[in-house]
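Below, chain A is the first sequence line, B the second, and so on; all start at residue 1.
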Amino acid sequence: MPHSPEFLLRLLQRFPRRPNQINQIHSLLISEGHLLYNPNAAYTSLKWMSTLLYNALTRAYLGLGQAHKTLVLFTHMLAHQAPPNSHTFPSIIKAAASSSPSLGKPLHTQVIKHGVLIDPFVQTSFVGMYAQLGEIFDARKMFEEMSQPCVVACNAMLDAFGKNGDMGSALLLFERMPERDVVSWTSVINGFGKNGCFSDAVKFFEKMMAHEDVMACLVKPNEATYVSVLSSCANLDGGGALCRGKQIHGYAIRNEIEFTVFTGTALIDLYGKTGCLRSALNVFNQMVFKEVCTWNAMISSLAANGREAEVLDMFEKMKVEGQRPNEVTFVAVLTACARGKLVEMGLKLFQSMLHEFGIAPLMEHYGCVVDLLGRAGLLKEATGFIRSMPFEPDGSVLGALFGACKIHGAIELGNAVGERLLELQPRHCGRYVALSNINAGMERWDHAADLRKAMVVAGIQKIPAYSLIDCM
DNA sequence: TTAGGGTTAG
């Protein structure tokens, strides 16, 4: 018994995040011929049915994070002559931005060809896409072509400036906006955070909370706002991170914000980075739903606070609870093994990455293993391991070996690695100082002094180290 | 033509 296209369309809209249902509906739509364009249909609504169904399908696949499939479906749509309309392109543009940057310009051409570039939803999608591709000039051009950009379009442009490191322009636009909503404020807070201006992000959040729109409850911070500001707070240097973070946590509780996987993970990260492990664990244990990022935040917090045994326990617990570790999990776990000199365990975990979990080790993981072997004094093994790498080691990998040479007084090897590092990282002040110290240790005073002089000539200054006890 | 655009965690 065939299904009516209207029925299948309603089903598609009802199960937007269930892959099985979407695949089944897609199959039915194909087998029952609903995706074929019918230009001779009796009614206009029927004539547009295939377009409508394609639009709902592409949106559904995009919602599942299947950007590539979304784009393939769009090519099928064109091949079957189902005419795309202004509702088609926002999903397609978003899919291209995340998975196929080279399709950006051809899509722009398609949009012009179908006469829908005038549509504000399509224009806003392009602002987002060009921002994502780092083409800020094109994003800005598209935005400036909009006759009366609404708050959503302005927010897309705010985010575009933030993504491309131009917070000055973001602030200018923010000030000029006739209307601002929670996304406008959050985009600026997030922009500051993404550009490393953590203190500005926190100050902007405070400005938001004191603003008349928030006071009058016209604008209310939401989950994204709290996650952005907490993330900046966790990275605040110069003290005050824990104090500010606790204040913001308090704001969130008073504003009855729903504690979700996102907010919970941001809080664990904050408390972990500020050394408040008990609070991190409290948040973690209270969370009903945990995702891989939640486990990673907790494992990284334990690793950063020297709790190697608990890192490994948590890693086991994660697997028992059915959560699959990812590449970030392994960075945290391998770091803990290196710090705890758990060589055998670290190597076993490194091997398991590919063999048990199908995760190809990245440069960071190789760096962790070099650190693991190097800290344990196994310099020969560390050197051999670097030689066996499938790609050329970068500064972080050689830096780990160099660090181990310093710890274990391996002057000759340290000198050789240090010279190589200077070629790779000519602006890294610590490398000059450390290499100079190694030469001084060998009583090669001329070479040590030359390195210091080279630093001065290159205009590289050593940043004075400082330590800080942040209490509240 | 019922739909479509902006912010969030390691």
Side-chain angles (χ1 to χ4, degrees), chain A residues 5-6 9-10 12-13 16 43-60 62-63 83-94 97 116 119-129 131-132 139 142-143 146 149-160 162-163 180-191 193-194 221-232 234-235 257 260-270 272-273 283 287 290-301 303-304 325-332 335 364:
Chain A
E6 289 86 355
L9 181 64
R10 274 200 301 279
L12 257 185
Q13 289 161 348
Y43 304 102
T44 312
S45 60
L46 280 179
K47 207 167 130 184
W48 281 99
M49 186 48 79
S50 55
T51 297
L52 206 61
L53 287 165
Y54 268 114
N55 292 354
L57 263 179
T58 48
R59 232 185 94 62
L62 187 66
N85 62 10
S86 62
H87 291 263
T88 312
F89 287 99
S91 313
I92 307 301
I93 295 167
K94 203 170 177 181
V116 289
D119 185 276
F121 284 69
V122 174
Q123 290 170 318
T124 306
S125 303
F126 274 130
V127 172
M129 183 196 79
Q132 178 87 19
M142 181 60 70
F143 179 70
M146 296 179 80
C150 67
V151 65
V152 177
C154 291
N155 290 345
M157 195 63 230
L158 280 179
D159 183 56
K163 274 202 174 88
R180 299 173 197 124
D181 64 9
V182 59
V183 181
S184 324
W185 287 95
T186 306
S187 298
V188 175
I189 294 168
N190 189 47
K194 285 280 175 291
N222 66 13
E223 185 192 33
T225 323
Y226 283 109
V227 171
S228 281
V229 72
L230 284 169
S231 157
S232 277
N235 290 298
I257 185 89
T260 59
V261 170
F262 263 85
T263 38
T265 304
L267 281 168
I268 294 167
D269 183 47
L270 166 84
K273 281 190 176 138
V283 175
M287 286 174 70
K290 298 182 179 88
E291 283 180 16
V292 65
C293 283
T294 320
W295 289 93
N296 289 348
M298 195 61 246
I299 291 174
S300 302
S301 297
N326 67 9
E327 65 276 17
V328 179
T329 324
F330 279 100
V331 171
T335 305
E364 274 174 289

Next item on the list: Give Ser300(A) one of three labels, base, sugar-phosphate or nothing, depending on what nucleic acid heavy atoms sit under 4.0 Å from its own.
Entry: nothing
Check: Counting side-chain heavy atoms from C-beta on, which of dG5(B), dT2(B), dA9(B) comes nearest to Val261(A)?
Finding: dA9(B)
Checklist line | Between dT7(B) (C1') and Glu223(A) (CD): distance, integer Å | finding: 11 Å
Check: Touch check for Asp269(A), heavy atoms < 4.0 angstrom, all strands: base, sugar-phosphate only, or nothing?
Finding: sugar-phosphate
Margin query: Is it the case that dG4(B) (base atoms only) and Asn85(A) (side chain only) share a donor and an acceptor within less than 3.5 Å, ignoring hydrogens and angles?
Written below: no
Note to self: I need the CG-P distance between Asn326(A) and dG10(B), as an integer number of Å.
What the structure shows: 12 Å
Margin query: Measuring only between side-chain heavy atoms, which start at C-beta, is Thr51(A) closer than 4.5 Å to Asn55(A)?
Written below: yes
Margin query: So Met49(A), base contact, sugar-phosphate only, or nothing? Heavy-atom distance under 4.0 Å.
Written below: base
Check: Would you say the side chain of Leu230(A) lies within less than 4.5 Å of the side chain of Val227(A), judging by non-hydrogen atoms?
Finding: no
Notebook entry, point to check: Out of dT8(B), dT7(B), dG5(B), which has the shortest distance to the side chain of Ser187(A)?
Noted result: dT7(B)
Check: Has the side chain of Thr124(A) got a donor or acceptor atom sitting under 3.5 Å from an opposite partner on the base of dG5(B)?
Finding: yes
Check: Within less than 4.0 Å of OP1 or OP2 of dT7(B), is there a side-chain N or O belonging to Asn190(A)?
Finding: no
Next item on the list: Would you classify Gln123(A) as touching base, sugar-phosphate or nothing, given that sugar-phosphate means primed atoms plus P, OP1 and OP2, and contacts are heavy atoms under 4.0 Å?
Entry: nothing
Note to self: Using whole Å, what does the distance between atom P of nucleotide dG4(B) and atom NE2 of His87(A) come to?
What the structure shows: 8 Å
Next item on the list: Working to the nearest 0.5 Å, report the span between CD of Glu364(A) and OG1 of Thr335(A).
Entry: 8.5 Å
Notebook entry, point to check: Under 4.0 angstrom, heavy atoms only, what part of the nucleic acid is Lys290(A) near: base, sugar-phosphate, or nothing?
Noted result: nothing
Next item on the list: Give the rounded distance in Å between these two atoms: CD1 of Ile257(A) and P of dA9(B).
Entry: 15 Å
Next item on the list: Quickly work out the Asn296(A) CG to dG10(B) C1' distance and round it to whole Å.
Entry: 6 Å
Check: When we call it a touch if two heavy atoms are under 4.0 Å apart, what does Cys150(A) touch: a base, just sugar-phosphate, or nothing?
Finding: base
Notebook entry, point to check: Between OG1 of Thr186(A) and CZ of Arg180(A), what distance do you get to the nearest 0.5 Å?
Noted result: 13.5 Å
Notebook entry, point to check: Between Lys163(A) and dT7(B), does any side-chain N or O lie under 4.0 Å from OP1 or OP2?
Noted result: yes
Check: Roughly how many Å is it from CG in Leu62(A) to C1' in dG5(B), rounded to a whole number?
Finding: 12 Å
Next item on the list: Could you check whether Val127(A) gets within reach of a base, just the sugar-phosphate, or nothing at all, counting any heavy atom under 4.0 Å?
Entry: nothing
Item checked: Separation of dT7(B) P from Arg180(A) CZ (nearest whole Å) -> 19 Å
Check: Is Asp119(A) side chain donor-acceptor paired with the dG5(B) base, going by distance under 3.5 Å alone?
Finding: no
Next item on the list: Give one of base, sugar-phosphate or nothing for Ser86(A), where a contact means two heavy atoms less than 4.0 Å apart.
Entry: base
Notebook entry, point to check: So, Thr88(A) versus Asn85(A): side-chain donor-acceptor pair below 3.5 Å or not?
Noted result: yes
Checklist line | Sugar-phosphate only, base, or nothing, as touched by Leu9(A) at under 4.0 Å among non-hydrogen atoms | finding: base
Note to self: On the nucleotide dA9(B), are OP1 or OP2 found under 4.0 Å from the side-chain N or O atoms that Lys273(A) carries?
What the structure shows: no
Notebook entry, point to check: Under 3.5 Å, is there a donor-acceptor pair between the Ser187(A) and Ser184(A) side chains?
Noted result: no
Notebook entry, point to check: CG of Leu158(A) versus P of dG5(B): gap in Å, rounded?
Noted result: 18 Å
